[in-house]
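Each remark here refers to the structure printed beneath this line.
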There are 2 protein chains.
Amino acid sequence: MATEGKSRKSLEEPQGGLPRNYLRASLLLLIGEAPAHGYDLLDQIAQLGLRSVDPGGLYRTLRVMEDDGLVASSWQHSSAGPARRTYRLTADGVDWLHAWAGALRESHRYLSAYLGRYDDIATTVSATLDEVTILP
Amino acid sequence: MATEGKSRKSLEEPQGGLPRNYLRASLLLLIGEAPAHGYDLLDQIAQLGLRSVDPGGLYRTLRVMEDDGLVASSWQHSSAGPARRTYRLTADGVDWLHAWAGALRESHRYLSAYLGRYDDIATTVSATLDEVTILP
DNA sequence: TCGTGGTATGTGTACACTACACCTATCTGG
DNA sequence: CCAGATAGGTGTAGTGTACACATACCACGA
């Protein structure tokens, strides 16, 4: 049992089967709902399916999004606690939010199609397997 | 306009916002519906949202899935055309299909949540942006 | 005043999946 | 014999993600 190595992970992955770049899309949505800073987004983002987001990746993503001109940031020096960088959407960011929502809506439809087809075969697939494996 | 470099792609990507490993999941479903060979799957898979899958990646993925024990292959030497390798699900493959379907169903719910929240703010987001940008 | 813990923001890096270009082999039909 | 469809395959660079780790500020109790 030392060098098992089977199943190559693929599932049991932290973020199961969520879309690529879902982090970016989620950040656009949350910041679109209300300007926020990273640590704040870190909490909220779990509601959208991203459990245990690593802070590093989140901050890095925000920075890249700023470089891309999707969000703009400004430092807030509050009296309590360390300074925080608050992000808000730019006009480009709004455009991208709309674009992403469209792409995700399409993915949503494809997932419906997938799940529909899966439900059709879910009960028979095991039986079919039996036929194949028992005979030879 | 030479060194533009903006928008760093991220959208306009071939596979928009489809789940990670969606190729694997789709192959499991299609092979679960009926045993098939790679070139055949290449056609069918477009129905699930994957437009323009590169053949290389598909064959490679099938091979990895075989290494992982999710599918089993056998060569079919037909009289017409080159030989083809037909894949069918193993018992493990069926398990993984069920697991993937579960994960995708969860993602489907999260996408619903995302789209619901998006629809709530879709009309107001641009207006909010105006307030911010006009005033200062 | 020292250190501990929570808030808040970051860097380094390895790995997996993807994308794109390219290659080989078999058979059919002109 | 060669073009084109079928069928399967390799090489490799780029991107996104995961995980470990580092920094700074402030409040609070020992």
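Here is the naming used below: chain letters follow the sequence lines, and residue numbers restart at 1 for every chain. Scope of the values below: all heavy atoms of this structure, side chains included, with no hydrogens, waters or symmetry mates.
- Counting only heavy atoms from C-beta on, B/Trp75 has its side chain closest to D/dG8 among D/dG16, D/dG8, C/dA8.
- Contact of the B/Glu33 side chain with the A/Asp120 side chain is not registered, since no non-hydrogen atoms from C-beta on lie closer than 4.5 Å.
- Considering only heavy atoms from C-beta on, B/Leu62 stays 4.5 Å or farther from B/Glu66 through its side chain.
- Atom CG of A/Asn21 and atom P of C/dA19 are 11 Å apart (whole Å).
- Between B/Arg63 and A/Tyr22, the residue whose closest nucleotide on DNA chain D is further toward the 5' end is B/Arg63.
- Here D/dG9 is the nucleotide among C/dT9, C/dT11, D/dG9 with the atom lying nearest to any side-chain atom of B/Tyr59.
- When side chains are defined from C-beta on, A/Ile121 counts as touching A/Val125, because their heavy atoms get closer than 4.5 Å.
- We find that CD of B/Gln76 is positioned 16 Å from C1' of C/dT26, with the value rounded to whole Å.
- Proximity of A/Tyr39 to the phosphate of C/dT9: no side-chain N or O atom is located under 4.0 Å from OP1 or OP2.
- With a 4.5 Å cut-off on side-chain heavy atoms, B/Leu48 and B/Leu18 do not count as touching.
- Nearest nucleotide to the B/Tyr87 side chain, out of D/dG8, D/dG9, D/dT17: D/dG9.
- Residue A/Arg85 places at least one side-chain N or O closer than 4.0 Å to OP1 or OP2 of C/dG10.
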Report task. Verify salt bridge (Lys or Arg N to Asp or Glu O under 4.0 Å) between B/Arg105 and A/Asp119, making sure each step is shown before the conclusion. Result -> CA-CA 11 Å; B/Arg105 202 180 300 277; A/Asp119 289 338; 2.9 Å; yes
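- Between the CZ atom of B/Arg84 and the C1' atom of D/dG9 there is a distance of 17 Å, given to the nearest Å.
- Looking at heavy atoms from C-beta onward, A/Leu70 lies in side-chain contact with A/Arg24 at the 4.5 angstrom threshold.
- Taking only side-chain nitrogens and oxygens, B/Arg20 never comes nearer than 4.0 Å to OP1 or OP2 of C/dC17.
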Restricting both atoms to N or O, compile the protein contacts to nucleotides 20-24 of chain D shorter than 3.5 Å, with distance only.
none

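- The separation between A/His37 atom NE2 and C/dG10 atom C1' is 14 Å, rounded to whole Å.
- Distance CD1 (A/Ile45) to P (D/dA18): 12 Å, rounded to an integer number of Å.
- Summarising the geometry, the separation between CG on B/Leu18 and C1' on C/dT18 is reported as 13 Å, rounded to the nearest angstrom.
- Rounded to a whole Å, the CG atom of B/Leu58 is 18 Å from the P atom of C/dA21.
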Return the polar atom pairs (N/O with N/O) between nucleotides 28-30 of chain C and the protein under 3.5 Å, or none.
none

**Report entry** CA sep, side-chain torsions, deciding dist, call: B/Arg85, B/Gln76, side chain to side chain contact (heavy atoms under 4.5 Å, CB included)
**Finding:** CA-CA 6 Å; B/Arg85 178 178 271 189; B/Gln76 313 269 254; over 6 Å; no
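- When side chains are defined from C-beta on, B/Leu111 counts as touching A/Tyr22, because their heavy atoms get closer than 4.5 Å.
- Comparing D/dA7, C/dT18, C/dT11 against the side chain of B/Leu23 picks out C/dT18 as the nearest.
- With a 4.5 Å cut-off on side-chain heavy atoms, B/Arg117 and A/Leu30 count as touching.
- The distance between atom CG of A/Leu41 and atom C1' of C/dT7, rounded to the nearest whole Å, is 15 Å.
- Counting heavy atoms from C-beta outward, B/Leu41 and B/Val53 have side chains that stay 4.5 Å or more apart.
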